[in-house]
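So the structure is just underneath, and the comments pick up after that.
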Amino acid sequence: MRDKSAKKQEKELEKKALELEKKLALKMLAQKESEDKENAENEQVDALEKESINIDNMADNALRASDEEVSVAKEQKLAEQEPAEQELEIEQKEAVELKDEATSARVKKIGFTRSKKHSSEIDMEDIVDYCDYIEATAKKLNSHTARTAGGWGEKRGARMLRELSQASLLAPSRLEPVDSRFLRGRGSFFVLGVWYAICLVLYLASFSMPNAGGVIMTAVTLFLFIAGVVVILSLILGFQWFKKLYPKKVSYNVVSVLEPKSEVRRTVIVSCNYDSPLGNNFETKVNIMPSIMLGALISLVLFVVFCIIKMSVVPDVPSEIVGLTVLPILLSVVAIAALVGYISLSKKRVKDGNGFGVSTTLATVKYFVDKDMIPSDCKVIFVAFSADNAGHGGAEEFVELHKKEENFFVNPVAINFGEILDETLTVVSKDAIHAQSYDSELVSLCVEAAKEQGMPIDNFSGYINSIYGFASTPFAKNGIPSATILSKDLKINPLKAAQVQNVNRNIIENNFKAAIATIEKILGE
């Protein structure tokens, strides 16, 4: 019996081995067919590339021959011209030269000017090379995760940018320490929720006191609540008045100064921000959170109303007490949950932001350095701000520090490049919350540059969704012409899907071309 069982088991093993061999053979055959197909495709691509190169060479030869014929024809025509016609051409040339001199004088006077109506086209090979650089740089930066204000991720990102900008721009790059308050901005919603909860507890505690004591307790609660809301809302909006109430951390601006070859007559600041905003505890398929947060803010007003009613009525019967406790609890608890729960202080929830914005800004400055297109009298400053998502702390301190230095800001112009998220380019012309309008001529110049590159453009007034302001605002407050360009839909629409960073190559190329055209116009000829 054992022999039969062993033979049966042996046959089964042999059968399985044969099946495995068949599967392996089929797999190897499929792999070979795939490799043969890939080799054939590669050969076809190589052939097409060779044919394309040959066509390009033939086109170049034909163009050279055509240019030579045109040049010969012009020389023959010029030789045949009458002396009077030659004199007329000389006079026209002199008039053009005088006009150019007048334009140059205007450039030196106001610091920036419009160049030709149409910006020069960027070579396609350059677009490919620099966009490869942009993608590689964004990948390096995003390897340093959770770049929140004052965090280790932000510091590692700063060091990486310092080394990269120094190598790319062939100029010294440094880290400038700034004080950052990581709760300023979005993080203050969490603080507001906590303060709201504390005041709700005080409000409910006032019902346990006698009549006069309850009124006094409610009045104290109301005063603390209003004072706290005013302070915290100012910190949400990015104002500086009460920022010292928040714990201080150290962040670093990354600064590269490209000194001119001759006397400085103007300064162009090209900026971006490399830090990340605090994340969210939950997300929705549609962008309804602004509406929920608006409802939470409305409940703050209702809480004030309930406090005033309680002090006026002085409830002492059960029905009045229930009415002034149950409804406020229901409204307040929902609002507190929204305020505390929406913004997350956890590093795990942080979404790395603006990697493509930073790399595009750096690539733009690198392009002008590589092509030696920076005028000899122009100083260019590349700066990547820290703590931008925490009340624009990096931009504020950069301006405050250097405006005191002699000859640092000489006829300055500041252009800030923000997030890159979609195909529509937005030129921000106003920070409504902080009552700052950006330089109208510079804004028009940026819009014109984008249109020349064929990009969809939105000249955004700034009345919607400018809650946190923009990095251009500290410059505008100090009288420096500035504007912000970003590739992001700033209009709030609760029925529209929430915006997600999903940048493709076409978006990168368009933003890079628009950035080049903008800086080219600012630098002038």
Side-chain angles (χ1 to χ4, degrees), residues 146-155 158 175-196 198-199 223-255 271-279 293 297 300 339-340 342-345 347 350 353-354 383-404 414 416 418 431-436 462 465-480 482 484:
R147 299 188 302 276
T148 52
W152 283 109
E154 188 191 52
K155 291 179 175 62
L175 300 182
E176 292 185 350
V178 299
D179 292 337
S180 62
R181 318 279 171 162
F182 80 101
L183 286 174
R184 194 172 161 210
R186 285 167 56 89
S188 293
F189 279 113
F190 176 85
V191 180
L192 181 60
V194 172
W195 186 252
Y196 197 171
I198 292 171
C199 291
F223 173 78
L224 292 174
F225 181 74
I226 293 175
V229 167
V230 169
V231 169
I232 297 169
L233 283 179
S234 74
L235 291 166
I236 289 174
L237 298 175
F239 290 101
Q240 300 187 50
W241 307 324
F242 305 105
K243 68 179 183 180
K244 291 184 178 180
L245 294 174
Y246 278 157
K248 181 173 65 176
K249 292 190 175 184
V250 178
S251 295
Y252 296 94
N253 289 336
V254 182
V255 181
S271 66
C272 57
N273 75 285
Y274 69 94
D275 68 311
S276 303
L278 293 172
M293 300 301 280
L297 295 177
L300 300 177
L339 292 168
V340 173
Y342 178 49
I343 304 300
S344 173
L345 302 183
K347 293 181 181 179
V350 175
N354 209 30
V383 53
F385 295 127
S386 61
D388 192 70
N389 290 288
H392 305 291
E396 288 174 353
E397 295 215 16
F398 176 80
V399 176
E400 289 299 318
L401 173 66
H402 293 295
K403 74 178 184 180
K404 301 173 185 177
N416 180 66
D431 181 351
I433 297 295
H434 296 85
Q436 288 295 325
N465 199 22
S466 61
I467 294 174
Y468 309 113
F470 304 94
S472 296
T473 299
F475 292 94
K477 285 182 177 179
N478 286 275
I480 297 175
S482 62
T484 287

Looking only at heavy atoms, which two atoms of [X] and [Y] are closest? And how far apart?
X	Y	answer
Tyr274	Ala158	OH-CB, 3.3 Å
Ser482	Ala476	OG-N, 3.7 Å
Val250	Pro177	CG1-CB, 4.3 Å
Ser276	Val350	CB-CG1, 3.6 Å
Gln436	Thr473	CG-CG2, 3.8 Å

Problem set entry | For Asp388, all residues meeting side-chain hydrogen bond (donor to acceptor under 3.5 Å, both in side chains), sequence neighbours excluded | His392

If you define the side chain from C-beta out and look only at heavy atoms, does anything of [X] sit under 4.5 Å from [Y]?
X	Y	answer
Leu175	Val254	yes
Arg186	Asn389	no
Glu396	Lys243	yes
Leu233	Leu297	yes

Exercise. What's the spacing between Leu235 CG and Leu245 CG if we round to 0.5 Å?
Worked result: 7.0 Å

Exercise. Which value, rounded to the nearest 0.5 Å, describes the distance between Ser180 atom OG and Tyr252 atom OH?
Worked result: 10.0 Å

Problem set entry | From CA spacing to verdict: side chain to side chain contact (heavy atoms under 4.5 Å, CB included), Val231, Trp241 | CA-CA 8 Å; Val231 169; Trp241 307 324; over 6 Å; no

Exercise. With Phe190, which of Leu345, Leu278, Leu339, Ile232 fulfils side-chain contact (heavy atoms from CB on, under 4.5 Å)?
Worked result: Leu345

Problem set entry | Ser251 side chain to Glu154 side chain, donor-acceptor N/O pair below 3.5 angstrom | yes

Problem set entry | Donor on one side chain, acceptor on other, Asp275 and Ser386, under 3.5 Å | no

Any side-chain to backbone donor/acceptor pair from [X] onto [Y]? Under 3.5 Å, distance only.
X	Y	answer
Ser188	Leu183	yes
His434	Leu237	yes
Trp195	Leu224	yes
Lys155	Gly150	yes
Asn354	Asn273	yes

For this session: Using the side chain to side chain contact (heavy atoms under 4.5 Å, CB included) rule, take Phe470 and Asn416 through it: C-alpha gap first, then chi angles, then the decisive distance, then the call.
Result: CA-CA 9 Å; Phe470 304 94; Asn416 180 66; 5.6 Å; no

For this session: May I ask you to check whether over 12 heavy atoms, not counting those of Phe242, lie within 6.0 Å of atom CZ?
Result: yes

For this session: Just do the side chain to side chain contact (heavy atoms under 4.5 Å, CB included) check on Asp431 and Thr484 with the steps written out, would you?
Result: CA-CA 10 Å; Asp431 181 351; Thr484 287; over 6 Å; no

Problem set entry | Within the 6.0 Å centroid threshold, strictly below: Phe398 and Phe385 | yes

For this session: Check whether the ring centres of Tyr196 and Phe225 lie less than 6.0 Å apart, and answer yes or no.
Result: yes

For this session: Apply side chain to side chain contact (heavy atoms under 4.5 Å, CB included) to Lys249 and Arg181, showing your working.
Result: CA-CA 6 Å; Lys249 292 190 175 184; Arg181 318 279 171 162; over 6 Å; no

For this session: Please report the C-alpha distance between Lys248 and Glu397 in whole Å, then the side-chain angles of each, then the deciding distance to 0.1 Å, and finally whether the salt bridge (charged side-chain N to carboxylate O under 4.0 Å, His left out) criterion is met.
Result: CA-CA 14 Å; Lys248 181 173 65 176; Glu397 295 215 16; over 6 Å; no

